[in-house]
*Asks:* 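Pasting in a structure now, in structure tokens, and then I'll have a few things to ask.
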Amino acid sequence: MIEKYNPPEIEAKWQKRWAETSLYNVNNDSSTPKWYALTMFPYTSGDLHIGHWYAMAPADVYARFKRMQGYNVLHPIGFDAFGFPAENAAIKRGIHPKKWTLSNVDNMRRQLKSIGAVYDWSREIITCLPEYYKWTQWFFLKMWQAGLAYRAKAPVNWCPNCQAVLANEQVVGGGCWRCETPVIHRDLEQWFFRITKYADELMQHEGLDWPERIKTMQSNWVGRSEGMEISFLIDCPGAEEKEIRVFTTRPDTVFGASFIVLAPEHPLVQKITTAEKKADVEAYIDKARHSNEIERLSTDREKDGVFTGTYAINRLNGAKIPIWIADYVLVSYGTGAVMAVPAHDERDFAFAQRYGLPVKVVVSPFGWDGSALKEAYVETGLIVNSENFDGLESDIAKEQISAHIEQQDWGKRMVRYKLRDWLVSRQRYWGAPIPVVYCKKCGIVPVPEEALPVLLPDEAEFKPTGESPLKNNPSFLSTSCPSCGAPAERETDTMDTFMCSSWYFLRYINPHHDKGAFEPEMIKKWMPVDIYTGGAEHAVMHLFYSRFFIKALRDMGLIDFGEPFLRLFNQGTVTKDHQKMSKSKGNVVNPDEYVSELGADTVRAYLMFLGPWEQGGDWDDSGIYGLSRWLGRIWNLAQNEYKELPGGISASATKDLIRITHQTIRRVSEDIDRMRFNTMISALMEFSNYLSKIHEAGSVAVAEYFQALTVLLRLLAPTAPHFTEEVWARLNHPYSIHEQKWPEYDPALALDEVIPLVVQVNGKVRERLLVPIGITEHEAKRLALESHKVRIFVDGKELGQVVYVANKLINLVTK
RNA sequence: GCCGAGAUGGUGGAAUGGCAGACACGCUAGCUUGAGGGGCUAGUGAACUUUAUCGUUCGUGAGAGUUCAAAUCUCUCUCUCGGCACCA
């Protein structure tokens, strides 16, 4: 009688043994080819839920697969530990963020260990510890030295709930990415990184094996558009400003400009508004300032604006057109001013309709009879009402008008981007302090590298005041100027958490290196990351920032590559009752109880069996016992005595077994490579079902049977690491199965000798014939016509075309 | 509004031009006569046919098309999910 499969016992046993024997410790000096399999590190929010397992378990299977294939695999784990939730917990519950975070780390580490992954725990990193954030600060200094960090006063996104600024990437649909509170604009002096310098490069994804949709999202985020800045004269003799510069992508429509619109925040507004319009304009600006981003960006809202009282002159035709202000024009894009061409722009058309402004057609729609337009015509066409350019095709006119404007020095062709610089400062405590000192005499002075880290003090008052709590900490605040030694003040803002995660994958390589953020030779050896897996929600945040960091480091000469992640794979999300899991909804599924009852191996296998990894799915545990039963069956199969058939073994059964074994190796290997873990498990199930039939029949030799069984165990090892280790040991194989080579298949042995040939008549299946592989068309046709079932449909009819697909199908078409 | 992905049995899904429903879950029946989310065996898309269980027809969101052959390719539409959204 064999013992029952008891997952909790064997899982604890092997996790301990693996740790004691340092089975998964990664060797930087190994001469075997490297494979860097990175999975996005979790944020320290409290508990791992089933979604984390969904991200981690298949990633681990892939890493184990590569390991068994002979690669030196780095598959590290760590914790993204700075950020708002820790501080909010402090405000709400009076727990210090550090205490809250580190206790979460302890809990999450315990949970992560229960997965049974190949993580090398000696490489764990925690971003909120000084030994890590010292180097985050060092990167800030590098950015400063490279001219990529600057401080500026600008209209910024402000989350009234978080009481802090947000980067553009962190504004989702006009709301805060974390709490969905509508964002408002404020003029504040903040730190920025010049990510726009890399706008063009960030749109390029050459040589990257990334999902199409992430590449598209990033390119759209950069939002490159080619156009022209054109100068209009201000028709106001005494004014100090003489011109307004607008940005347009349609220079071909410049003769159709019937008014100018400035963003309410545009600096010219104050200078050109006439005395009688001043009150209206002020009121409008005030209203615009107080509306939040969601209201302002809502496209179905009726466009409104006010006239400034002043006119502009279109230099191309001398037309005198009114200057308006309206909040549908954004101060942060282009020049913050547009020439409105209502005939050929939907927004301008709507605005002109509302205020009775003229609509002048300059690109004639096909078959146009000269009547008033019902909507803006935005397509190409023949140019009209444009003096010398009349009759030209609009694409050609665009070129010629642009050239003309440049020749007259009235404007310049240029490229504009939607992308803005990355705002990195946060008015918060729980982050890495920005390593900068303000001196009355010397101005902004970076903290010298040898003085890092600028330690985050433990004592702080947590009040959501909109200012960093560090402002109220005198011992942190007051310091001396690193340059002149005079009394000075420290920067009290901390860095955006996305700074920490923009380089963490470099730190895993030398997590304890204290002479620098990383060792260049080791970076050369391990980077770039071969496969990165994680959620798609980071498309224009973490993934985008990391690419920027790597490109900036490359240009500083610190590394010699420009892309961090060669292959990217996004797993889907696990929902509960078709809703996103969240603590507030109370629908978070905790994996712990499943693990303690059924074992990590069953939970791993079940998650992968749910469906394609990139698709995600709704959590429903009704099928989980099926996976647990399956492992139980293999458990029994492997340990029950195998007896050969009393009458002797069958040669054909042996041949079949060998063929099916090799076919299974091929299917499983290809499925893991394609990240199709659900079909990988199906293939393993079919194989184990087949083996149990053999076991019952006893139709192959003992040696052949056990040979096939060890293949099954090795193919299953990445999916069920504890289970296979235990069975492996019980079959008296040497420790450890995870040091075994991945089975290789022989294509010749995987080949079928006899195949079922599908016989169709007029495209309908009428017969299946077992035929030897490689049969000729002639022979196949002969056999097909011998079949009764086929004859029923063919007899008495004239045979026409015969379609023959070798080793698959023959289709007989009657006339 | 724009872009992307998707829609297949009671359920999760498989099949990427060539046998629709692999592999599971669930359900039904039987066996295992101590119960168990237990084990094993068989069945399980729908309709028709059946005193010849061998078959026939239909069937992959809806409609059209291409093809000897369509879940798969093309077009139109409906719905679901995700992203972007006044970027001039």
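The chains referred to below are lettered A, B, ... by the order of the sequence lines, with proteins before strands, and numbering in each begins at 1. Side chains included, hydrogens not; waters and symmetry mates left out as well; all remaining heavy atoms used. What you see is a predicted model; the values in this text were computed from it and never measured.
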*Asks:* Under 4.0 angstrom, heavy atoms only, what part of the nucleic acid is A/N636 near: base, sugar-phosphate, or nothing?
*Replies:* nothing

*Asks:* Which of these nucleotides, B/rG18, B/rA14, B/rG37, is closest to any side-chain atom of A/P612?
*Replies:* B/rA14

*Asks:* Which nucleotide, in any strand shown, forms a Watson-Crick or G-U wobble pair with B/rC48, with both distances under 3.5 Å?
*Replies:* B/rG55

*Asks:* Closest approach to the side chain of A/P756, judged atom by atom: which nucleotide of B/rC19, B/rC40, B/rU56 is it?
*Replies:* B/rC19

*Asks:* Any base atoms under 4.0 Å from A/S225, or only sugar-phosphate, or nothing? Heavy atoms, all strands.
*Replies:* sugar-phosphate

*Asks:* Where is the tightest heavy-atom contact between A/M203 and A/H205, given as atom of each residue plus distance?
*Replies:* O-ND1, 3.2 Å

*Asks:* State which residue, out of A/W619, A/Y625, A/Y606, fulfils the ring-ring contact (aromatic ring centres under 6.0 Å, His included) condition with A/Y594.
*Replies:* A/W619

*Asks:* Over all strands shown, is A/V813 touching base, sugar-phosphate only, or nothing at heavy-atom distances under 4.0 angstrom?
*Replies:* sugar-phosphate

*Asks:* Check every strand shown and say whether A/N220 touches a base, only sugar-phosphate, or nothing at a heavy-atom separation below 4.0 Å.
*Replies:* nothing

*Asks:* Which of these nucleotides, B/rA24, B/rU57, B/rA15, is closest to any side-chain atom of A/K764?
*Replies:* B/rU57

*Asks:* What nucleic acid atoms does A/R676 come within less than 4.0 Å of, heavy atoms only: base, sugar-phosphate, or nothing?
*Replies:* sugar-phosphate

*Asks:* Just the rounded figure in Å: distance from P of B/rG13 to CG of A/L627.
*Replies:* 15 Å

*Asks:* Starting at atom CE of A/M217, determine the distance to atom C1' of B/rG82, rounded to an integer number of angstrom.
*Replies:* 7 Å

*Asks:* With sugar-phosphate meaning primed atoms plus P, OP1 and OP2, does A/G334 contact a base, only sugar-phosphate, or nothing at under 4.0 Å between heavy atoms?
*Replies:* nothing

*Asks:* The side chain of A/Q801 is closest to which nucleotide in this list: B/rC86, B/rA20, B/rC68?
*Replies:* B/rC68

*Asks:* Using the purine O4'-C1'-N9-C4 or pyrimidine O4'-C1'-N1-C2 torsion, is B/rG38 syn (within 90° of 0) or anti?
*Replies:* anti

*Asks:* With both distances under 3.5 angstrom, what nucleotide forms a Watson-Crick or G-U wobble pair with B/rC25?
*Replies:* B/rG10

*Asks:* Could you please name the option among B/rC25, B/rC86, B/rG18 that lies closest to any side-chain atom of A/R629?
*Replies:* B/rC25

*Asks:* Using every non-hydrogen atom in the two residues, find where A/L716 and A/F723 come nearest and quote the distance to one decimal.
*Replies:* CD2-CE2, 3.9 Å

*Asks:* Over how many whole Å does the gap from A/K580 atom NZ to B/rC81 atom C1' extend?
*Replies:* 12 Å

*Asks:* Distance between the P atoms of B/rG37 and B/rC27, in whole angstroms?
*Replies:* 12 Å

*Asks:* Counting the atoms with a prime plus P, OP1 and OP2 as sugar-phosphate, which does A/R766 contact under 4.0 Å by heavy atoms, base, sugar-phosphate, or nothing?
*Replies:* sugar-phosphate

*Asks:* Name the nucleic acid region contacted by A/R416, choosing base, sugar-phosphate or nothing; use a 4.0 angstrom heavy-atom cut-off, strictly under.
*Replies:* nothing

*Asks:* Would you indicate, yes or no, if B/rC23 has its OP1 or OP2 atom less than 4.0 angstrom from a side-chain nitrogen or oxygen of A/N678?
*Replies:* no

*Asks:* Checking all strands, does A/V803 fall into the base, sugar-phosphate, or nothing category for heavy-atom contacts under 4.0 angstrom?
*Replies:* base

*Asks:* P atom, B/rG4 versus B/rG9: distance in rounded Å?
*Replies:* 27 Å

*Asks:* Relative to the ring of A/Y377, is the ring of A/H344 parallel (under 30°), tilted (30 to 60°) or perpendicular (over 60°)?
*Replies:* perpendicular

*Asks:* Pick base, sugar-phosphate or nothing for A/K418, based on heavy-atom distances below 4.0 Å to the nucleic acid.
*Replies:* base

*Asks:* If you define the side chain from C-beta out and look only at heavy atoms, does anything of A/F793 sit under 4.5 Å from A/N762?
*Replies:* no

*Asks:* For the CD atom on A/Q663, are there more than 12 heavy atoms of other groups (residues, nucleotides or ligands in this structure) within a distance under 6.0 Å?
*Replies:* yes

